[in-house]
Novice: 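Got a structure for you, written out below as structure tokens; questions coming shortly.
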Amino acid sequence: MRYSIPMTQAFHERPLTRRHFLTGCALAAAGCTLGRADPAAAPAATPLHEALFYEKTGGLGVRCGLCPRGCVIPPGRHGFCRARENRGGTLYTLVYGRPIALNVDPIEKKPFFHVHPGARAFSLATVGCNFICAFCQNYDISQAAPGDVAAPLRTPAEIAQSARESGCGLLAFTYTEPTVYYEYMADCARAARDLGLGSVMVSNGFISAPALAALAPLLTAVKIDLKSFSDSFYRETCGGRLQPVLDTLKRLTAGGTWTEVVTLLIPTLNDNDDEIKRLAAWMARELGPQVPLHFSRFSPLYRLRNLPPTPYATLQKARALAMKEGCQFVYIGNAPGLGGEATACPACGKVVIERLGNRVEANRLKEGHCPDCGKKVPGLWS
Ligand code: SF4
């Protein structure tokens, strides 16, 4: 099977972080090389799981087609995300069945504001990401390699069962980038579906078209981080590209998957009026005015500790600009009480869902309709 891979980046192009430099020094001292397969280091009980979406490139090399990075991986090496490794000409996922985080969260925390308000989501992640965002909130796990973090084996059936026993109606693939644990995510979603549970993905949207097409039917909803509307921001601050993310958003909405968008507003980097207006206008035009847009407040961390938190005025202005560009549901996140958390009826303007932070304070919807004017409010409400 062949795939269209718009961007190719070899495994060795990932910038080395200080932590991985130090890890590499330690491994070198122990006779190992960072990024090279060390079969002896693999946990003996880890069942290897062959990856989906790759092709052989001749000899024992492979090209991964899971995300637009399209890593070309020689034998004995892993891809940019570190989660997939070529062993003897076969690409394996190293994170299948190895969650490093399991939590019960409110669905509003993801955030989804138009998906089963107040629902509990059984949230999980493995290590790994195909981006290297300088502002990542979870860099300690997203930028970790398999083996860096304790990860006891949990089968998809066990995950689904734990979710049900926790009173959760949904699984949420979140915290790191679910695309890099695609095979595990898909099998967990299938196991959840078998128990009558749904699944949501919280993603950077950097996923290839064939992989998304196969995954979307398994998902109830998807939240995409649209980190900026500038390709240079994506390249310089995230190690990614903008256009593949826009393509993912268009594919999701065209395919009928409920989609919400989050943009973290970072002072001086992506918070200028023109960029916000262009982002919102594109969303309203290409995705439709009903797609919720969440502007989230930045806090200084990881490699952007030099920047201040997003001013409240910037968030409020961004919300006003986006609504003026035609987005009907624009929210403010990480700023409880600022006034950007309620859902208003798009026809009469009355508040139909009140929230404070991640908590639903009141839900006045009547079977998805405004109780005052009867207008249907877009979302998954039942
Ligand atoms: S999923 Fe990982 S290995 Fe595959 S192309 Fe993307 S970064 Fe490379």
Side-chain angles (χ1 to χ4, degrees), residues 1-17 20 34-37 42 48-57 60-96 98 100 125-133 136 138-139 141-148 173 175-187 201-216 222 224-225 227 234-235 237-245 247-248 251:
M1 191 184 300
R2 300 191 69 81
Y3 308 105
S4 168
I5 300 171
M7 186 181 76
T8 298
Q9 185 161 2
F11 67 97
H12 53 73
E13 291 181 82
R14 185 187 184 100
L16 203 58
T17 64
H20 286 99
L34 189 67
R36 184 174 294 281
L48 274 182
H49 198 100
E50 186 174 355
L52 299 170
F53 303 104
Y54 77 95
E55 60 184 2
K56 297 185 185 294
T57 57
L60 294 178
V62 303
R63 182 195 305 273
C64 179
L66 177 56
C67 91
R69 201 171 290 281
C71 296
V72 175
I73 311 174
R77 306 300 291 262
H78 55 61
F80 182 90
C81 61
R82 300 190 185 94
R84 301 161 87 77
E85 187 169 276
N86 178 353
R87 295 190 180 181
T90 300
L91 189 65
Y92 291 98
T93 163
L94 303 181
V95 292
Y96 190 97
R98 296 289 175 181
I100 45 82
T126 73
V127 295
C129 188
N130 50 3
F131 276 7
I132 47 170
C133 299
C136 183
N138 296 322
Y139 65 91
I141 51 176
S142 72
Q143 301 303 312
D148 281 357
F173 307 107
Y175 305 137
T176 59
E177 175 47 49
T179 295
V180 308
Y181 58 90
Y182 183 97
E183 294 81 2
Y184 186 45
M185 168 169 56
D187 283 352
M201 177 170 75
V202 175
S203 171
N204 61 20
F206 207 61
I207 183 171
S208 69
L212 181 66
L215 179 68
V222 176
I224 297 293
D225 284 323
K227 296 170 188 283
Y234 265 88
R235 287 175 183 273
T237 312
C238 306
R241 295 282 304 282
L242 170 62
Q243 190 58 50
V245 179
D247 292 343
T248 291
R251 289 179 186 122

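For ligands, and for the atoms within them, numbers begin at 1 and follow the listed sequence. Residue numbers run from 1 in the order of the sequence given.
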Novice: Shortest non-hydrogen contact from Tyr234 to Arg241?
Specialist: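 Scanning both residues completely, I find the closest heavy atoms to be CD2-O, 3.5 Å.
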Novice: For Arg84, run the side-chain contact (heavy atoms from CB on, under 4.5 Å) check against Leu94, Val62, Val180, Leu66 and tell me which one passes.
Specialist: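 Between Arg84 and the candidates, side-chain contact (heavy atoms from CB on, under 4.5 Å) is satisfied uniquely by Leu66.
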Novice: Checking side-chain contact (heavy atoms from CB on, under 4.5 Å) between Thr176 and each of Val95, Ile141, Asn130, which is the one that passes?
Specialist: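 Per the side-chain contact (heavy atoms from CB on, under 4.5 Å) rule, the option paired with Thr176 is Ile141, out of Val95, Ile141, Asn130.
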Novice: Under a 4.0 angstrom heavy-atom cut-off, which atoms of ligand 1 come close to Phe80?
Specialist: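 Heavy-atom distances to Phe80 below 4.0 Å select 7 (S), 8 (Fe).
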Novice: Could you list which atoms of ligand 1 come closer than 4.0 Å to a heavy atom of Cys71?
Specialist: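 Taking each heavy atom of Cys71 in turn, ligand 1 has 3 (S), 5 (S), 7 (S), 8 (Fe) under 4.0 Å.
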Novice: Looking at SG of Cys133 and CD of Gln143, how far apart are the two atoms once the value is rounded to the nearest 0.5 Å?
Specialist: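 Taking SG in Cys133 and CD in Gln143, the distance rounds to 8.0 Å.
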Novice: Once side chain to side chain donor-acceptor pair (under 3.5 Å) is applied, do any residues pair with Ser203, and if so which ones, sequence neighbours excluded?
Specialist: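 Per chain and number, Ser203 pairs via side chain to side chain donor-acceptor pair (under 3.5 Å) with Glu177.
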Novice: For ligand 1, which atoms sit closer than 4.0 Å to a heavy atom of Gly79?
Specialist: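 Those atoms are 3 (S).
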Novice: At a threshold of 2.8 Å, where the distance has to be below it, does atom 8 (Fe) of ligand 1 have an N, O or S atom of Cys81 nearby?
Specialist: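 Short answer: no, not a single N, O or S atom is under the cut-off.
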Novice: Show which atoms of ligand 1 fall inside a sub-4.0 Å distance from at least one heavy-atom site of Gly70.
Specialist: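 Listed by number with element, the hits are 5 (S).
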Novice: Please list, chain by chain and in numerical order, all residues satisfying side-chain contact (heavy atoms from CB on, under 4.5 Å) with Ala216, sequence neighbours excluded.
Specialist: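 side-chain contact (heavy atoms from CB on, under 4.5 Å) check on Ala216 returns Thr257.
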Novice: Taking only non-hydrogen atoms of Ala83, do any sit less than 4.0 angstrom from ligand 1?
Specialist: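 No; Ala83 lies far enough from ligand 1 that no heavy-atom distance drops under 4.0 Å.
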Novice: Is any N, O or S atom of Cys64 under 2.8 Å away from atom 6 (Fe) of ligand 1?
Specialist: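 Given the 2.8 Å cut-off, Cys64 does not count as a ligand of atom 6 (Fe) of ligand 1.
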